[in-house]
2 protein chains.
Amino acid sequence: MPWRLRHRKRLEAGNGEEPIIDLRVERFLEPCLLLLLVEKPAHGYELIDRLNQIWLVPEKQDPGAVYRNLRRLERGGMVKSQWDTSGRGPAKRLYEVTPEGEKRLAAWASAVDWGIKALIKFLERYKATCLEANEDGKLGR
Amino acid sequence: MPWRLRHRKRLEAGNGEEPIIDLRVERFLEPCLLLLLVEKPAHGYELIDRLNQIWLVPEKQDPGAVYRNLRRLERGGMVKSQWDTSGRGPAKRLYEVTPEGEKRLAAWASAVDWGIKALIKFLERYKATCLEANEDGKLGR
DNA sequence: AACATATATGTGCATTAAACATATAGGTGA
DNA sequence: TCACCTATATGTTTAATGCACATATATGTT
């Protein structure tokens with residue numbers, strides 16, 4: 001499936017194969033983490049698992065990116081954390097969203113709303129130009 | 001309007017103001033140029049103007065990005081150009097899309113199609129969690 | 001006691017895209 | 001000739017990211 005919300009790989013192909021086109025929304029990991037944390041406070045490792053619920057196509061998550069984002073969000077006051085030594089295994093940072101973070105997620109949501117409209121506009125314009133003759137706009141996978 | 005399909009500015013705010021959140025689709029300039037060129041062959045300077053038809057919010061375009069993208073697309077065989085010395089003013093490179101380029105645009109279109117679905121999924125999930133009580137999901141601008 | 005494994009949190013490095021500034025050059029009109 | 005518009009580029013810097021690697025603790029196994 002030629003689709004991801006992030007991931008940089010192979011935009012400028014090179015191998016024999018077709019270059020894969022992925023629509024990458026930059027920084028999209030941030031709102032995803034905020035949304036997951038609003039739904040339920042959690043620690044990084046758990047979020048890495050739950051992220052696959054949000055991407056359409058589950059794939060291996062990058063722990064580095066997740067932790068980096070969580071720390072940055074905390075620096076910005078969007079989430080706060082406390083060490084959780086209960087349970088088994090090493091201590092974990094339990095994150096929860098602050099009121100600031102909820103506002104930021106709301107801002108993301110409205111940005112996504114706009115984005116959907118713009119992408120639809122692009123797509124309609126594409127269909128109008130390139131799929132006129134065809135039997136009403138089917139796009140490959 | 002807190003919205004753009006590209007542009008990096010001020011993600012990590014800093015001033016007194018709210019950090020602006022823009023949903024940035026990476027490389028989106030590429031499919032926009034392809035679409036505009038499919039609609040009508042043109043040269044760079046003209047495309048810079050016509051780009052504002054595609055973004056929801058017109059704004060100053062970056063000539064550097066446009067020309068670089070056109071050259072890259074040409075290197076990749078997606079468009080081809082010829083010098084046009086007719087008309088007045090300095091010579092211009094007139095670009096048109098190749099069959100390869102049309103395929104690439106089609107691939108972009110289906111990526112955009114997927115992207116819309118994924119963004120909608122995100123938004124629905126957000127609404128479900130954060131706008132339950134409210135009078136049915138209004139999002140600020 | 002040694003070792004493997006699962007959980008959990010990070011750092012460092014190379015690549016890439018984008019924003020912004022600057023350069024080059026011909027054409028037009030005062 | 002000088003200013004200005006058109007037109008096409010290049011250079012510089014920063015931010016985001018993918019990937020590989022480093023660290024630490026608890027648990028289970030031999």
Side-chain angles (χ1 to χ4, degrees), chain A residues 4-14 19-33 42-51 59-76 79 81-95, chain B residues 4-14 19-33 42-51 55 59-75 79 81-95:
Chain A
R4 301 171 184 134
L5 274 175
R6 60 194 193 337
H7 275 320
R8 190 163 300 245
K9 238 177 330 181
R10 262 205 298 181
L11 276 176
E12 190 108 31
I20 289 180
I21 294 186
D22 52 357
L23 189 140
R24 293 196 303 107
V25 174
E26 212 168 318
R27 286 268 214 177
F28 199 67
L29 186 54
E30 178 186 301
C32 289
L33 292 174
H43 58 280
Y45 203 77
E46 186 193 334
L47 290 169
I48 290 169
D49 279 338
R50 287 211 279 145
L51 272 172
E59 56 183 277
K60 194 145 49 68
Q61 298 301 326
D62 177 11
V66 171
Y67 291 113
R68 249 194 286 259
N69 267 273
L70 288 172
R71 301 305 291 278
R72 184 160 45 82
L73 285 169
E74 189 163 31
R75 283 200 307 278
V79 302
S81 72
Q82 54 196 21
W83 285 103
D84 173 15
T85 50
S86 79
R88 54 197 72 258
K92 39 194 131 184
R93 252 184 226 276
L94 190 63
Y95 286 94
Chain B
R4 300 167 185 139
L5 274 175
R6 60 193 193 336
H7 277 319
R8 187 162 303 245
K9 241 177 326 181
R10 263 206 298 181
L11 276 176
E12 190 109 30
I20 290 180
I21 294 186
D22 53 355
L23 190 139
R24 293 194 303 106
V25 174
E26 212 167 321
R27 286 267 213 182
F28 199 67
L29 186 54
E30 177 186 303
C32 288
L33 291 174
H43 59 280
Y45 203 76
E46 185 193 334
L47 290 169
I48 290 170
D49 279 337
R50 287 211 282 144
L51 272 171
W55 315 133
E59 55 182 281
K60 195 145 48 68
Q61 299 301 325
D62 177 10
V66 171
Y67 289 113
R68 251 192 278 260
N69 266 273
L70 289 171
R71 301 306 292 276
R72 185 162 44 81
L73 285 168
E74 188 163 32
R75 284 200 306 278
V79 301
S81 71
Q82 53 196 19
W83 284 105
D84 173 15
T85 49
S86 79
R88 55 196 72 257
K92 36 197 131 181
R93 254 184 224 277
L94 189 64
Y95 287 94

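Everything quoted here is computed from the prediction, not taken from an experiment. Computed over heavy atoms, backbone and side chain alike; hydrogens, waters and symmetry mates excluded. Just so we're on the same page: letters track the sequence lines, and every chain starts at 1.
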**Complete:** Stems field, DNA chain D, Watson-Crick or wobble, 3.5 Å, at least 3 pairs, by first number, holds C:1-30 with D:1-30

**Complete:** Value for CG (A:Leu51) from NZ (A:Lys60), rounded to nearest 0.5 Å, stands at 14.0 Å

**Request:** Could you please name the option among D:dA7, D:dA9, C:dG10 that lies closest to any side-chain atom of A:Arg71?
**Result:** C:dG10

**Prompt:** Are any side-chain N or O atoms of A:Glu74 and backbone N or O atoms of A:Ser81, one a donor and one an acceptor, separated by less than 3.5 Å?
**Reply:** yes

**Request:** Would you classify B:Arg93 as touching base, sugar-phosphate or nothing, given that sugar-phosphate means primed atoms plus P, OP1 and OP2, and contacts are heavy atoms under 4.0 Å?
**Result:** sugar-phosphate

Check the interface with nucleotides 28-30 of chain D: list each N/O to N/O pair with the protein under 3.5 Å, or write none.
none

**Asked** Could you state the interatomic distance from CZ (A:Arg71) to CG (A:Asn69), rounded to the nearest 0.5 Å?
**Response** 12.0 Å

**Message:** From CG of B:Leu94 over to C1' of D:dT8, roughly how many Å is that when rounded to an integer?
**Reply:** 14 Å

**Nearest-angstrom distance from the residue atom CG of A:Leu70 to P of D:dA16** = 15 Å

**Item:** Protein-nucleotide distance (B:Asn69, atom CG; D:dT10, atom P), rounded to Å
**Value:** 13 Å

**Asked** If you take all heavy atoms of A:Ser86 and A:Lys92, which pair is closest and at what distance?
**Response** O-CE, 4.3 Å

**Item:** Whole-Å gap separating P (D:dT6) and OH (B:Tyr67)
**Value:** 11 Å

**Complete:** Between B:Gly44 and B:Leu70, the two heavy atoms sitting closest are CA-CD1, 3.8 Å

**Prompt:** Starting at CH2 of A:Trp83 and ending at P of C:dA8, how long is that distance when rounded to a whole Å?
**Reply:** 11 Å

**Prompt:** What is the distance from CD of A:Gln61 to P of C:dA8, rounded to the nearest Å?
**Reply:** 16 Å

**Message:** Expressed as a whole number of angstroms, how long is the span from B:Phe28:CZ to D:dA16:P?
**Reply:** 21 Å

**Asked** Which heavy-atom pair separates A:Leu94 from A:His43 by the least distance, and what is that distance?
**Response** CD1-N, 4.0 Å

**Prompt:** Just wondering, do B:Asp49 and B:Glu46 contact through their side chains at under 4.5 Å, heavy atoms?
**Reply:** no

**Message:** Measuring from the side chain of A:Arg68 (C-beta onward, heavy atoms only), which nucleotide among C:dG12, D:dT12, C:dA8 has the closest atom?
**Reply:** C:dG12

**Request:** Measure from CG on A:Asp62 to P on D:dA20 and round the result to the nearest Å.
**Result:** 10 Å

**Request:** Report yes if some heavy atom in the side chain of B:Tyr67 is under 4.5 Å from a heavy atom in the side chain of B:Ile48; otherwise report no.
**Result:** yes

**B:Pro31 versus B:Arg27, closest heavy-atom pair with distance** = CD-O, 3.1 Å

Look for any protein N or O under 3.5 Å of an N or O in nucleotides 21-25 of chain D and output each such pair with its distance, or none.
none

**Prompt:** So, does A:Asp62 use its side chain to make a donor-acceptor pair with the main chain of A:Gly64 at under 3.5 Å?
**Reply:** yes

**Prompt:** Which value, rounded to the nearest 0.5 Å, describes the distance between B:Leu73 atom CG and B:Arg68 atom CZ?
**Reply:** 13.5 Å

